[in-house]
Amino acid sequence: MLVKRLTLRDFRNYESAELTLGEGLTLLHGPNGAGKTNLLEALYFGATGRSCRTSNEREMLRFGAAAARSVIEVEGEDGAHRIEVGFEPGEPKLMKIDGARVERLSGATARPLVSVFLPDRLELVKGPPGSRRAHLDQFVAALRPARAENRTEYGRALAQRNALLARVRAGRSGPSALDAWDHELARLGIVLMEDRTHSVELLTPPFGRLAAELGLPGEATLTYRPRSKAADAAGLESELHEARESDLQRGFSGHGPHRDELVLAHEGRPLRAYGSQGQQRLALLALLFAERDVLLAERGRAPLMLLDDVVSELDAARRERLVELIQSEGQAVITTTDAEAIPGVEDAVTAAVTAGEVRQELAPA
């Protein structure tokens, strides 16, 4: 699955723009603030229907514009496809595939897989567990599209159980009413745990190898730490029942997969607490490229890699190895303020970005 072209209208600092991508590497260069990262965000928005930078989608609107629009054209084994995503405040998000409106893009066979590195995404390594859980669940959905809705259904069941806990605390319902939601939460939660376990088992070997290749000496590991010790749904349901009294005291569900942790560690020490920013950066890159390797091996599809300012803090040897990895499989788009700082990209498709304008320099052959 190749992304061939991106077309924007009223997105961030762009009134309109078009970018043609190469089959391998596409290099975007220009000064800070020109809009390079906005192009990556637009590609992500067009492929997923959501922003990779903000939960407030109004921020994507060009100042004074009524609506933002991103269109990506892709080429797959079954031919060409056009994916359109539009956002207008106060209106349902408009998503179309080949002109037909869809409710969501997740699971659509015409949708390209996509992976993104932004400097702000170091929070994935050093931030709270929730961001790592969400990232792992997104990888599960990419790896096993048929399971994409399980995490959403679990979230709904959790919200229902928490709402019922509040009613029981207020005396408007009896504790036995929680039985049905304990059963539902356990049914969905055990599947979520199994999927996370399987995914981390696949990711761990390439993560360690790639971390070493990128220049993180010593052993780098991924460890999934579920809150529950249950081996099946009945066991998780029993744990939820045992936790009911404490849940009623605190007013929310304190046990289950929504409290799990994914630990990125180096030499046995969690990078969240003990890693330098450089080590955290290398670990994040190793994780994203490990995900690419697993998706390619398991699904035969490598994600489009969107890499923002990815080489700025790397020495020459690490830059060279990173560029080799980027160009080894699939498509990638890199942004930089200095094209000469990225080695070995003489044949890459390039575009200069200046103040919300895109000028294609070397187009695809």
Side-chain angles (χ1 to χ4, degrees), residues 25 115-140 142-143 193 195-227 229 259-298 302-303 305-330 332 334 336 341-345:
L25 178 62
S115 180
V116 60
F117 172 91
L118 304 170
D120 289 348
R121 291 206 82 197
L122 285 182
E123 283 299 307
L124 184 61
V125 179
K126 63 184 181 182
S131 59
R132 287 182 289 281
R133 285 194 299 269
H135 182 83
L136 181 56
D137 290 340
Q138 288 175 12
F139 177 73
V140 167
L143 185 64
M193 291 166 57
D195 286 343
R196 288 172 175 175
T197 298
H198 174 69
S199 295
V200 173
E201 287 174 349
L202 291 175
L203 287 169
T204 297
F207 172 75
R209 172 179 56 81
L210 288 162
E213 290 182 14
L214 287 169
L216 190 60
E219 184 183 28
T221 58
L222 282 177
T223 306
Y224 172 50
R225 292 182 179 171
R227 176 64 63 95
K229 305 299 183 184
R259 303 297 298 276
D260 291 351
E261 171 67 294
L262 175 67
V263 179
L264 291 82
H266 178 237
E267 296 286 76
R269 296 161 65 90
L271 284 162
R272 176 188 180 187
Y274 298 103
S276 67
Q277 180 157 304
Q279 290 174 327
Q280 292 169 345
R281 188 183 184 95
L282 292 175
L284 176 55
L285 287 169
L287 177 60
L288 297 180
F289 282 102
E291 291 169 354
R292 184 187 71 173
D293 286 0
V294 171
L295 289 170
L296 188 60
E298 297 292 318
M305 305 292 288
L306 305 176
L307 306 167
D308 185 40
D309 194 27
V310 73
V311 302
S312 63
E313 296 183 15
L314 301 179
D315 59 36
R318 286 171 175 164
R319 288 184 184 189
E320 185 172 343
R321 180 55 188 138
L322 177 60
V323 173
E324 289 174 356
L325 278 174
I326 292 169
Q327 297 190 103
S328 64
E329 296 288 352
I334 299 180
T336 181
I342 302 181
V345 294

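The closest side-chain heavy-atom distance from Leu264 to Leu284 is not below 4.5 Å. In this structure, Glu313 and Gln277 have side chains that are in contact, with non-hydrogen atoms separated by less than 4.5 Å. Under the 4.5 Å side-chain criterion, counting only non-hydrogen atoms from C-beta, Glu267 is not in contact with Thr221. Between Pro129 and Arg272, some side-chain heavy-atom pair lies under the 4.5 Å cut-off. The shortest side-chain heavy-atom distance between Phe207 and Glu291 does not fall under the 4.5 Å cut-off. The closest side-chain heavy-atom distance from Leu306 to Ser115 is not below 4.5 Å. Within the 4.5 Å cutoff, the side chain of Arg227 has no heavy atoms near those of the Met193 side chain. Side-chain contact between Leu143 and Leu202 is present, with heavy atoms from C-beta onward closer than 4.5 Å.
Under a 3.5 Å cut-off, the side chain of Arg319 and the backbone N or O of Ile342 do not form any donor-acceptor pair. In this structure a side-chain-to-backbone donor-acceptor pair under 3.5 Å is present from Ser131 to Pro128. Side-chain atoms of Glu123 never come within 3.5 Å of backbone atoms of Asp120 as a donor-acceptor pair (strictly under, hydrogens ignored). Side-chain atoms of Ser199 come within 3.5 Å of backbone N or O of Asp195 as a donor-acceptor pair.
Remark: Phe117 CZ to Arg281 CZ distance equals 4.0 Å, nearest 0.5 Å. The distance from atom CD of Gln327 to atom CG of Leu322, rounded to the nearest 0.5 Å, is 10.0 Å. Distance check: Leu287 CG to Leu124 CG gives 6.5 Å after rounding to the nearest 0.5 Å. Summarising the geometry, atom CG belonging to Leu118 is positioned 9.5 Å from atom CG belonging to Leu307; distances are rounded to the nearest 0.5 Å.
In this structure, the side-chain hydrogen bond (donor to acceptor under 3.5 Å, both in side chains) partners of Asp309, at least two apart in sequence or on a different chain, are Ser312. In this structure, Pro205 has no side chain to side chain contact (heavy atoms under 4.5 Å, CB included) partners at least two apart in sequence or on a different chain.
Every pair passing side chain to side chain donor-acceptor pair (under 3.5 Å) that includes a residue from residues 209-219 is listed here, sequence neighbours excluded: Arg209-Glu213, Arg209-Asp293, Glu213-Arg321.
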For this session: Evaluate salt bridge (Lys or Arg N to Asp or Glu O under 4.0 Å) for Glu261 paired with Arg132, printing each intermediate quantity in order.
Result: CA-CA 7 Å; Glu261 171 67 294; Arg132 287 182 289 281; 3.0 Å; yes

For this session: Go through Arg225 and Thr223 one step at a time and tell me if the side chain to side chain contact (heavy atoms under 4.5 Å, CB included) criterion holds.
Result: CA-CA 6 Å; Arg225 292 182 179 171; Thr223 306; 4.1 Å; yes

For this session: Quick one: do Arg292 and Ser328 satisfy side chain to side chain contact (heavy atoms under 4.5 Å, CB included)? Show the steps, please.
Result: CA-CA 11 Å; Arg292 184 187 71 173; Ser328 64; 3.0 Å; yes

Exercise. Going through the checks in order, is the side chain to side chain contact (heavy atoms under 4.5 Å, CB included) test met by Arg318 and Leu214?
Worked result: CA-CA 6 Å; Arg318 286 171 175 164; Leu214 287 169; 5.8 Å; no

Problem set entry | Verdict with reasoning, Val200 to Leu262, per side chain to side chain contact (heavy atoms under 4.5 Å, CB included) | CA-CA 9 Å; Val200 173; Leu262 175 67; 3.8 Å; yes

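In this structure, Leu216 and Ala220 approach most closely via the heavy-atom pair CD2-CB, 4.2 Å. Of all the heavy atoms in Ala286 and Leu210, the pair that sits closest is O-CD1, 3.9 Å. Contact between Pro270 and Val263 at its shortest, heavy atoms only, is CB-CG1, 4.3 Å. Considering every non-hydrogen atom in both Arg121 and Val116, the closest pair reads NH1-O, 2.7 Å. Closest non-hydrogen pair, Ala283 versus Leu271, comes out as CB-CD1, 3.5 Å. The two atoms that bring Leu288 and His135 nearest to each other are CD2-CE1, 4.0 Å, heavy atoms only.
With Tyr224 as the aromatic partner, Arg196 does not meet the cation-pi criteria of under 6.0 angstrom to the ring centre and within 45 degrees of the ring axis.
Looking at His266 and Gln280, their side chains never bring a donor and an acceptor atom within 3.5 Å of each other.
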